[in-house]
Structure formats: structure tokens, C-alpha cells
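See structure below.
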Amino acid sequence: MGVCMERKGLLIVVSGFAGSGKGTMMKRLVEEYEGYALSVSMTTRKPRPGEVHGREYFFVTKEEFEQKIREGGLIEYAPYVENYYGTPREYVEKQMAAGKDVVLEIEIQGALKVKKRFPDSVLIFVLPPSVEELYRRLKNRGTETEDVIRKRMSRAAEEASMIGRYDYIVINDGVEESVRKLHSLIEAAHSSPGGNEEFIRGIRDGLEQLWKGEK
Ligand code: 5GP
């Protein structure tokens, strides 16, 4: 009467202000732990130096992006500081079906759309240890103009008011520790009753049979 269970893949949504260090955290998470798949988004933004098509993003034109929307090929998409960003559907569905936890590193509007469509998804917001540190990281990155940095900071201020809609926050004051925390939050999410309905049903049915058999 053993209940066999395959672990179901979860959709993990990670957001954070530009400069919060979430990108580095995501890379480390998939390097250090098994069972994760990192979704690669589609964007109309131009690649930054060192970024590779198909690795950081699929860099496309506005027309190509709009075509993908029309085909229903994106789980969600949103405008962000002069560009569009979206999550391709196919990869996410395939990886989840294979039992992987799929990590989406996306901004807040997209995150809330995902939560609405996939109520079992886990929303995690990464925060920098302080505002000063955030500004310093953005400036040090040196890839954006002062104007874009300003727009991104103002967007961060807007996003700050929505953090309460997330399931968890992680304060990134050191990559090792933050990645460990992130992983344990995801592990905990796997223990929710909602994510284990099949197993619970199996136990319940088993108990019922046992009870009937003994009567
Ligand atoms: P960046 O231009 O710095 O790479 O990304 C800008 C913002 O877009 C970040 O907050 C990032 O998380 C978000 N983003 C990246 N990919 C997606 C996506 O597929 N969908 C949504 N909604 N946001 C995304």
C-alpha cells in the first residue's frame, strides 16, 4: 500500500531591483544545486557587452516579440524601461513536466501574472542590504547611462510598494548565504499541502481501505 510519488516541479519566480544581485544568485543556484532549470527570457533590449543570445536572453526585434505574443508563445510579458520582456512557454512547460523547478527571473508585473495563472508558484523578492549599496552596484556595473540608471531607480521605488504581494524576501548581503537561503525556501515550498495533493490523496485512500478492511 506504499504511496509512490514523483516530485512535482515548481515554478519559482524571483524578482528584485536592478542591481540587487539577483542575476548572480540565480546562476549560482543552478550551479550549486540539482533539479533547477533557469528560464531564458525574450527581450527587445539590446545585448550588453558579454551577453549571449540564448544564454542571458533571446534578443529579438519588436516585430518578432509581437509575433510571439500573437502565437500565445509567452507565459507572461511586460514592458520595462523602454523595452519588452517575456517568458517563452515551451521551455517552462517541458522542464516542469520533467520534474524540474523552473526559475523565472522577472519583474513584478510579470511575477503577479504568473501567480494568478499558476497559484502554486512561489514568488521571492531579492533585496539589497541598503539603498546606498543598490545605487553603488548599479553605477559600478557601468553598462547603463546615468539617465537609464535614474529610470531604473525610479522603477525600484515603484516596485518597493508591491513587495507585500510576494511569498518571501531574501536580503542579498552575500551571495553564498543568500543562495543557501533561496534554496531552503524552495525546499520548504515543496512541503506545502497544495503541492503534494496526489501524495495526500494516496495516504487518505490507503487509510480508508485499511479501515474498511479491518471492519
Ligand atoms: P535587464 O534589462 O536588467 O536584464 O532586466 C530588466 C528587468 O526585466 C529585470 O527586472 C528582469 O527581472 C526583468 N525581466 C527579465 N526577463 C523578463 C521576463 O521574461 N518577463 C518579465 N516580466 N520581466 C523580465
Side-chain angles (χ1 to χ4, degrees), residues 11-27 29 37-92 102-118 121-128 131 133-170 172 182:
L11 205 46
I12 311 296
V13 179
V14 179
S15 305
F17 311 136
S20 61
K22 62 186 186 303
T24 315
M25 279 174 61
M26 296 307 93
K27 276 185 199 137
L29 180 74
L38 197 53
S39 157
V40 178
S41 294
M42 187 170 266
T43 183
T44 58
R45 161 166 88 57
K46 297 274 170 291
R48 295 189 186 120
E51 285 184 333
V52 176
H53 181 80
R55 190 179 68 189
E56 276 77 17
Y57 284 105
F58 294 106
F59 297 98
V60 296
T61 62
K62 192 151 175 272
E63 290 68 36
E64 287 168 322
F65 197 94
E66 284 166 352
Q67 175 63 25
K68 194 80 176 172
I69 297 173
R70 279 197 298 273
E71 289 168 3
L74 300 175
I75 284 182
E76 61 72 39
Y77 66 93
Y80 180 93
V81 187
E82 297 167 2
N83 283 296
Y84 278 99
Y85 296 80
T87 307
R89 170 187 307 283
E90 206 183 326
Y91 177 82
V92 172
V102 182
V103 185
L104 313 183
E105 190 213 312
I106 64 179
E107 55 66 69
I108 235 160
Q109 304 165 71
L112 297 179
K113 281 185 216 161
V114 169
K115 187 71 174 182
K116 211 165 168 194
R117 274 179 92 159
F118 305 90
S121 58
V122 184
L123 268 52
I124 300 172
F125 202 97
V126 177
L127 285 165
V131 170
E133 178 63 16
L134 180 71
Y135 186 68
R136 201 183 59 76
R137 285 184 197 169
L138 260 183
K139 281 208 79 134
N140 282 357
R141 190 147 84 179
T143 49
E144 274 98 11
T145 62
E146 193 64 40
D147 180 47
V148 168
I149 292 177
R150 225 171 23 79
K151 282 187 183 148
R152 282 175 178 251
M153 290 297 282
S154 118
R155 178 68 182 240
E158 264 171 51
E159 290 188 343
S161 64
M162 312 274 280
I163 295 173
R165 312 270 299 265
Y166 280 66
D167 297 311
Y168 302 103
I169 65 158
V170 171
N172 180 15
L182 188 63

Derivation of the side-chain contact (heavy atoms from CB on, under 4.5 Å) call for V14 and V126: CA-CA 7 Å; V14 179; V126 177; 3.7 Å; yes
Nearest-0.5 Å distance, [atom1] of residue [X] to [atom2] of residue [Y]:
X	Y	atom1	atom2	result
E76	K116	CD	NZ	14.0 Å
L38	L29	CG	CG	8.5 Å
Y57	S41	OH	OG	6.0 Å
F58	Y91	CZ	OH	9.0 Å

Within the side chain of [X], is there an N or O that forms a donor-acceptor pair under 3.5 Å with the backbone of [Y]?
X	Y	answer
R45	F59	no
K68	L74	no
E64	V60	no

Give the intermediate values and the outcome of side-chain contact (heavy atoms from CB on, under 4.5 Å) for residues V13 and V103. CA-CA 6 Å; V13 179; V103 185; over 6 Å; no
Which pair of non-hydrogen atoms, one from [X] and one from [Y], has the smallest distance, and what is that distance?
X	Y	answer
R137	S20	NH1-O, 2.9 Å
M25	V170	CE-CG1, 4.1 Å
E107	Y80	CG-CD1, 3.8 Å
S15	Y166	OG-OH, 2.6 Å
Y84	T44	N-OG1, 2.9 Å
I106	T87	CG2-OG1, 3.9 Å

Below 4.0 angstrom, N of the basic side chain to O of the carboxylate: do E146 and R150 qualify?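 Answer for the salt bridge query: no.
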Of all residues at least two apart in sequence or in a different chain, which pass the side-chain hydrogen bond (donor to acceptor under 3.5 Å, both in side chains) check with E82?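 So E82 forms a side-chain hydrogen bond (donor to acceptor under 3.5 Å, both in side chains) with K151.
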Kindly write out the residues that satisfy side chain to side chain contact (heavy atoms under 4.5 Å, CB included) with [X], not counting sequence neighbours, or none if the list is empty.
X	result
L112	L123, M162, R165
L134	F17, P128, M153
S161	none

Using the rule given for side-chain contact (heavy atoms from CB on, under 4.5 Å), can you reason through M42 versus F65, listing the C-alpha separation, both sets of side-chain angles and the distance that settles it, and then say yes or no? CA-CA 8 Å; M42 187 170 266; F65 197 94; 3.9 Å; yes
Qualifying residue for side chain to side chain contact (heavy atoms under 4.5 Å, CB included) with K115, from V122, D167, L11: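 That would be D167; it is the only one of V122, D167, L11 passing the side chain to side chain contact (heavy atoms under 4.5 Å, CB included) with K115.
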K22 charged N/C atom sitting above F125 aromatic ring, 6.0 Å / 45°: no
Listed by chain and number, what are the salt bridge (charged side-chain N to carboxylate O under 4.0 Å, His left out) partners of R48, not counting sequence neighbours?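 Salt bridge (charged side-chain N to carboxylate O under 4.0 Å, His left out) check on R48 returns E51, E144.
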Among residues at least two apart in sequence or on other chains, which ones pass salt bridge (charged side-chain N to carboxylate O under 4.0 Å, His left out) with E66?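 For E66 the salt bridge (charged side-chain N to carboxylate O under 4.0 Å, His left out) partners, ignoring immediate neighbours, are K62.
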Using side-chain heavy atoms (C-beta onward) and a distance below 4.5 Å, is [X] in contact with [Y]?
X	Y	answer
I169	I163	yes
L182	M26	yes
L127	N172	no

Check: Q67/E63 side-chain N/O donor and acceptor closer than 3.5 Å: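 Not at all, the side chains of Q67 and E63 share no donor-acceptor pair under 3.5 Å.
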Above 12 or not: heavy atoms from other molecules or residues under 6.0 Å from CD of E90? no
